[in-house]
Amino acid sequence: MRLRSGQAGALFVLAAFFLLLPQFVTSSYWLGLWTLTLFYALLGQSWNLLGGYGGQVSFGHAVFFGTGAYVSAVLQVKFGFNAWAGAAVAVAAGGLVGAFLGAVSFRYGLRGSYFALVTLAFAEVFRVLVNSWELTGSGFGMLIPLRPGAAHLQFTDRTWFYYLILALLAAACALVWWIERSRFGAYLVAVRENEDAAQALGIDCFRVKVVAITLSGALASVAGVFYVQYFLFVDSHIGYGPAMSVNALLAPLIGGAGTLFGPLIGAVALGALSELTTLALGKTPGVNLLAFGVLLLVILRFLPNGLMGLFRGRA
Amino acid sequence: MLAVDGLHAGYGALRILRGLDMRIERGEIVAVLGANGVGKTTLNNTLCGLIRPTGGAITWLGEPIAGARPERIVASGLIQVPEGRRIFPNLTVRENLELGSYRRARRNRDRNLERVLIWFPRLGERLRQQAGTLSGGEQQMLATGRGLMGEPQLLILDEPSLGLSPRMVDEMFGLIRRINAEGVTIVLVEQNVVQSLGIAHRAYVLENGVFALSGPAAQLVADPRLKQAYLGL
Amino acid sequence: MLADPVFLLAVAFNGLTVGAIYALVALGLALIYGVLHIINFAHGSLLMLALYAAFFLFTLGGVDPYVAVLALAPGFFVFGYLLQRFVIAPISFGRDTNVLLVTLGLSIIFDNLALYLWTSTTRTINVPYAQTYVDIGVTAVALPRLVALGAALLVGVAFWLLMTRTDLGKAIRAVARERQGARIVGISVEHIFAVSFGLGTAVVALAACLLLPTFYVTPTVGYAFVLIAFTTVVLGGMGSFIGALLGGLLLGVVEAFSGVLLGESLGQIGIFLIFILVLLFRPTGFFGQRVA
Amino acid sequence: MAVLEAEGVSKRFGGLQAVAEASLRVEPGRITALIGPNGAGKTTLFAMISGFLRPDSGSIRFDGREITGLAAHRVCRLGLVRTFQIVQPFAGLTVRENIAVGGHLKEPDRGRALAAAAAIARQLGMEAMLDAPAQSLTVAGRKRLELARALATQPRLLLLDEVMAGLIPTEVSEIVAVIRAIRDAGVDILLIEHVMQAVMSLSDDVYVLNNGRIIAHGAPGEIAANGDVIEAYLGQGAAHARG
Amino acid sequence: RAQPKTVKIGLIHPMTGMFAYNGAQAFAGAKLAADEINERGGIRSLGGAKIELVVGDSQSKPEAAVAEVDKLSEAGVACFLGGYASGIGLTASQAAARQGVPFMSDTPVSDQITGRGLPGVFRFGPGFATITTAALDALVAINDAAGKPAKTVILVHEDGAFGSGMAKFLAAELPKRGFQVLDSIAHPTPTRDFTNIGLRLRAARPDIVMPSSYLNEYTLLARSIHQHRVPVKGIFSVIGGGASNFKFIREYNAAAQYIMDCNHWIDPNKPRSKRFVKALEERKVDLTYEVMLNYACMLLIADAIERAGSTDRAKISAAIASSTFEDHIMPYGPTKFVGGQNQGAQPATTQVQKMDIEVIWPQQFATAKAIFPIPQA
Ligand SMILES: Nc1ncnc2c1ncn2[C@@H]1O[C@H](COP(=O)(O)OP(=O)(O)OP(=O)(O)O)[C@@H](O)[C@H]1O
Ligand SMILES: Nc1ncnc2c1ncn2[C@@H]1O[C@H](COP(=O)(O)OP(=O)(O)OP(=O)(O)O)[C@@H](O)[C@H]1O
Ligand SMILES: [Mg+2]
Ligand SMILES: [Mg+2]
């Protein structure tokens with residue numbers, strides 16, 4: 001299937017916007033925000049692949065994110081790996097954790113909320129483990145030594161981080177776009193809709209789900225690697241805490257789960273929302289978050305299909 | 001007993017019923033016939049309050065009920081045995097039947113349960129089985145039994161013979177007659193045209209959102225238009 | 001130390017009393033979870049609100065938490081009922097993922113409202129009986145702990161009776177799986193949802209009243225209990241109340257022992273390992289049933 | 001050689017012997033029907049043949065190959081496909097997408113699978129609904145969708161579980177013609193049906209299952225006259241011929 | 001000369017989330033100092049420019065802290081103060097260094113804060129190594145003075161950077177000082193129940209329990225030790241969240257009695273400290289170490305700006321680095337930064353005695369004598 005001209009146009013505008021953004025945004029604060037937004041979009045896209053397309057709702061996506069972050073950090077700090085090599089291993093590790101988690105939970109036919117809670121529990125197990133293990137820095141967390149230079153995946157000019165995350169997100173979107181149009185994607189969606197029927201049509205549901213969770217895990221660990229290189233620090237709460245799991249599902253759900261641009265749109269919307277509320281009400285601690293919560297409900301009330309529902313409804 | 005005037009209903013922009021008129025008298029068996037997807041089930045669901053009509057009036061026992069909440073309609077004795085059974089798969093057969101009298105006739109629950117089990121002995125053998133594991137036909141019996149547990153004044157049966165063996169179909173039709181004889185008014189939606197017309201007093205034929213034909217059942221059986229459209233003769 | 005049976009019994013019993021609170025929080029969650037099929041992210045925040053309510057009743061009105069429960073349980077039932085019926089349901093349009101987001105939004109609102117209204121200061125109450133000990137042979141147990149254990153057992157059994165013996169309970173279970181069918185027999189699905197949410201919230205209020213004498217209140221206090229409550233629910237089996245009860249008690253004991261063996265910190269792993277093991281070998285939990 | 005051979009297949013649910021020592025054969029080029037009272041175990045037998053349930057005992061061979069206990073998706077890949085009595089659509093997908101999922105078994109390309117889906121829909125008279133979401137179909141529409149999806153996999157043997165329930169007589173005749181055409185295209189068929197009009201006119205071979213056991217086997221005419229079958233299944237009402 | 005009317009100081013405090021209480025306390029301390037400076041005429045070398053505090057809520061999360069650092073440095077803050085927890089402090093100070101804005105850490109104890117050699121990152125208070133060494137000195141001295149009744153120790157600590165860090169140092173050092181470490185018990189934050197730890201302590205019968213936890217857990221732990229009548233000779237905590245919190249002492253006086261704590265604390269004998277304590281009472285702010293350190297840091301920053309005579313960040317940074325500021329409330333000598341770490345920084349050891357918190361060590365700051373071992377009733 002080829003792109004229709006409208007889609008191609010939209011894609012072009014989008015690409016141009018993001019590519020040229022650093023030309024206009026000189027504030028490092030704003031550039032940082034955009035970088036974080038794209039980071040959330042990437043994390044959200046990884047969740048979207050499994051949860052949105054595959055219908056396997058995970059509440060513990062931190063388990064992949066944290067693995068990416070920790071593996072790359074540990075390899076660099078404790079084993080002297082080059083950051084790029086560490087990143088490659090970390091992404092593979094994220095995929096592996098995904099495959100393992102998928103293999104055990106899907107083998108027993110865990111579905112729906114059960115699966116959600118199992119992922120949550122796995123994230124918790126990992127959190128407790130890295131928090132007690134000497135190798136992972138236990139309670140201290142992992143601090144990556146400053147070593148500026150592209151060779152170490154550290155950039156003093158943060159514009160490069162922005163382009164890095166943009167490229168990663170674009171790659172993730174391309175992957176999802178390709179999946180959407182492939183047999184695998186059709187199978188994934190079929191499994192989401194009805195496993196019995198899928199099985200009857202010759203689909204190996206187990207395999208499809210395991211492949212999906214492996215890809216999703218690898219993508220989330222890309223986000224983890226990025227986080228660690230960007231902030232040069234990770235600890236158990238950041239890596240495996242529930243907050244990151246919530247971040248992973250928030251953007252795609254707000255934007256529109258099971259849609260290509262849902263996570264990006266969701267991340268942008270959430271970023272804007274939290275900026276606006278902080279700007280308007282940041283003086284008293286908590287009030288801005290309160291307003292954020294209220295606005296979240298308002299969005300849901302009027303856009304039950306997520307923001308992508310807006311576009312779809314019109315089309 | 002039930003009067004439907006100029007009823008309109010549908011799903012969103014999709015208009016299915018476009019001005020139905022219908023009268024049901026106490027004690028009747030009325031058959032509603034129509035090809036697949038013309039809107040028979042939509043009509044039933046609108047009568048029961050599951051779908052809000054977009055126009056027209058429904059008068060039940062002298063009161064307007066168009067747009068009323070389904071629990072109110074059930075409480076007043078208008079009960080349906082739905083298409084697709086809609087039994088509670090996670091409850092036992094017994095619990096399914098008990099919930100049939102959630103809104104009505106709770107007091108006579110034990111007596112009614114006994115009656116239902118006489119009509120459907122198979123259910124009696126399976127009282128503690130999870131309803132979701134019943135065979136297709138057994139589920140149909142359960143759905144019918146559950147409807148009867150509420151002591152309906154008007155019972156709407158949406159394809160009660162679906163998935164039943166020929167012998168059970170006969171029994172089902174016999175049962176419908178008996179229930180009717182006990183004073184329950186019946187609206188029967190069926191694909192089994194010949195047999196339904198065999199027990200119905202009157203019938204309506206739904207086409208393109210309106211009733212294209214109606215009249216006494218005996219008369220309709222012989223109607224060439226019906227034969228042509230439904231029996232392919 | 002580990003060979004000392006008295007010590008082990010003391011640990012076990014203590015685990016039971018802690019598990020009782022888990023069970024109570026989980027019972028509420030199980031109900032909401034079983035019916036709405038969704039994780040109520042606001043559960044911890046509701047616990048927090050109930051703790052504050054009990055706290056202020058005590059400090060401002062001099063009402064003992066054990067007396068306050070008589071007002072708070074019904075009060076929170078109504079609160080939960082209204083919350084579901086007029087906030088969660090209309091906003092979520094009955095969609096699972098949206099319910100999830102709505103409860104997430106609610107928890108953000110409640111937490112920060114509490115922070116704004118009552119600040120982040122830790123608050124505790126001092127009741128005389130918190131220091132009263134009951135000697136049960138192997139160990140001395142604080143009275144509030146015993147009360148909590150008793151209450152959890154009672155509520156667990158009451159819930160089980162409610163769900164299996166009453167029409168309301170059957171309706172709740174029916175709605176969980178077949179909403180259209182429920183409407184057809186005259187069950188108001190919206191009402192049942194709200195009742196379930198209300199009941200779940202009421203139990204949380206009860207848990208709060210039992211917890212307050214030996215615990216503290218801060219705007220984030222709920223998080224200490226939600227994760228474990230989720231775990232309990234799955235362990236016990238979805239929609240099973242006896243399961244939630246036993247799951248909670250078991251987790252309390254497991255936590256106690258693994259805490260003693262591995263240290264409280266790593267000991268948390270004990271809980272999750274049990275959880276994962278159970279899921280692997282009995283994927284539906286102890287009492288969960290699988291419907292084809 | 002028979003396409004499908006089930007021998008002494010049994011299945012027990014708790015205290016209930018749902019299928020007991022049932023044996024049947026599907027001969028190539030013929031349409032075989034499985035009938036029997038409600039709860040006789042027909043669907044259960046289908047589930048075992050298609051790999052959804054593992055039989056307690058007995059053996060099932062497809063094309064001479066042992067498939068007992070093989071996973072459902074593997075059975076399907078061998079060319080044995082079932083439909084569900086209690087329909088299982090991919091509710092959120094359109095009819096076209098539903099059918100294409102079946103088509104993907106043999107056709108990796110998305111575009112071609114979607115095109116093939118449209119062709120099958122046309123064959124079954126569903127082209128008007130191609131872009132409707134499956135959840136908006138009526139029960140009869142969903143039954144047809146079951147058939148369409150199964151057909152899209154280009155099976156060797158098709159197991160149809162009450163695909164005609166809920167159709168009016170004219171529609172039954174249409175589907176009967178469709179099934180004949182499928183058979184003529186070289187697909188063997190085993191079907192469960194309560195609509196006797198269809199069973200009588202379609203099938204070459206009839207097996208009757210009662211209480212989990214095969215109680216009769218023969219040509220449709222013989223079966224209709226069989227006293228046991230009348231007693232257990234057809235009922236006396238069947239004496240006055242229907243349809 | 002056009003002088004700026006205000007000098008902006010960015011406060012990176014956790015105003016929401018897990019550490020909201022600590023953030024609020026920290027803010028109160030900084031605010032008190034800023035108010036005092038402004039009342040007394042602001043920064044004189046800048047023509048009486050007032051100090052304007054700009055709060056950046058770190059939400060108890062590093063990402064948010066970094067975003068706030070970026071935002072505030074663009075808003076023109078001259079210097080940052082804050083961090084609270086080590087993870088936040090590490091990332092926030094790094095971001096500040098990137099922006100070239102000096103960063104004064106308030107309470108993070110990880111020695112990595114200044115150990116990374118980031119320019120412009122300072123810590124006024126002591127780090128792990130200093131605190132533990134001081135704690136051990138105090139412990140040994142107090143034990144010796146009592147005739148060495150205590151020989152065995154159990155460590156109880158929260159499992160994050162701060163508690164684990166403490167425990168690691170102590171476990172390595174205690175044996176060298178003649179104490180046997182029977183056990184080291186880590187617990188998460190939050191921990192729901194301390195009964196098991198109480199039971200375990202009672203079974204192991206250590207002479208001394210050394211806890212390092214945040215306030216809520218500390219409170220539960222102290223209650224558990226008290227309730228289970230763990231027969232200890234002393235409770236000696238290292239940065240115990242509760243032992244130096246008057247709220248805890250008021251509400252659980254019996255459980256708090258005789259607890260010793262080696263922590264950030266003021267020198268109570270200085271006149272400025274007395275004014276400080278009074279001012280806090282007037283403002284109804286709990287007297288906790290977050291308040292003290294932020295107050296002291298704020299004064300130090302103001303002094304540096306005064307000397308720099310400019311809001312230029314590099315100049316302020318240089319002024320801090322060369323600071324010899326003395327007029328603060330902490331029991332430190334004149335300030336002297338080496339590699340960002342204030343060399344004079346040291347903790348005080350306090351003990352709860354009746355309704356008060358008395359300083360019992362180092363001797364030159366002491367307000368009371370240590371009561372050890374705990375008198376048996
Ligand atoms: N939820 C829905 N959303 C959209 N369209 C629907 C929905 N339910 C039914 N329809 C459409 O409405 C029309 C009428 O459906 P209805 O179920 O009332 O037909 P019916 O006469 O009962 O058919 P059948 O004999 O197959 O049961 C059909 O074309 C169907 O596709
Ligand atoms: N999982 C199960 N647990 C318990 N009993 C079951 C289970 N599945 C099926 N049964 C029972 O096994 C029997 C056979 O069921 P099956 O669905 O095979 O019948 P069937 O012949 O297809 O009937 P119908 O014509 O009504 O569809 C039924 O009595 C049913 O209640
Ligand atoms: Mg219908
Ligand atoms: Mg069947």
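Below, chains carry the letters A, B, ... as their sequence lines are ordered, and counting in each starts from 1.
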**Prompt:** Under the 3.5 angstrom rule, does the side chain of B/Gln191 hit a backbone N or O of D/Leu167 as a donor-acceptor pair?
**Reply:** no

**Request:** Sort and list the pairs that fulfil salt bridge (Lys or Arg N to Asp or Glu O under 4.0 Å) and have at least one residue in residues 117-136 of chain D, not counting sequence neighbours.
**Result:** D/Arg96-D/Asp131

**Asked** Heavy-atom count around B/Arg178 CZ within 6.0 Å, excluding the residue itself: above 12?
**Response** no

**Message:** Please check if the number of heavy atoms outside D/Arg54 that lie under 6.0 Å from its CZ is greater than 12.
**Reply:** no

Part of [range] lying next to chain D, heavy-atom separation under 4.5 Å:
range	value
residues 9-24 of chain B	none
residues 119-129 of chain B	B/Arg122, B/Arg126
residues 138-150 of chain B	B/Glu138, B/Gln139, B/Met141

Given a strict heavy-atom distance threshold of 4.5 Å, which part of [X] is in contact with chain B: side chain, backbone, both, or neither?
X	answer
D/Ala232	backbone
D/Ile168	both
D/Glu193	neither

How long is the straight-line distance from [atom2] of [Y] back to [atom1] of [X], given to the nearest 0.5 Å?
X	Y	atom1	atom2	answer
D/His194	B/Ser161	NE2	OG	10.5 Å
B/Leu162	D/Lys143	CG	NZ	6.0 Å
D/Asn38	B/Ser165	CG	OG	4.5 Å

**Request:** Name the option with the most non-hydrogen atom pairs under 4.5 Å to chain D; the candidates are B/Gly37, B/Ala35, B/Gly34, B/Gly163.
**Result:** B/Gly163

**Complete:** Of B/Glu83, B/Glu159, B/Glu190, the largest count of non-hydrogen pairs under 4.5 angstrom with chain D goes to B/Glu83

**Asked** If you tally heavy-atom pairs under 4.5 Å against chain B, which of D/Glu162, D/Glu171, D/Gln85 wins?
**Response** D/Glu171

**Message:** For the interface with chain B, which of D/Gly39, D/Pro37, D/Gly36, D/Gly41 has the highest count of heavy-atom pairs at distances below 4.5 Å?
**Reply:** D/Gly39

**Message:** Tell me the closest heavy-atom pair linking D/Pro169 and B/Val193, and the distance in Å.
**Reply:** CD-CG2, 4.4 Å

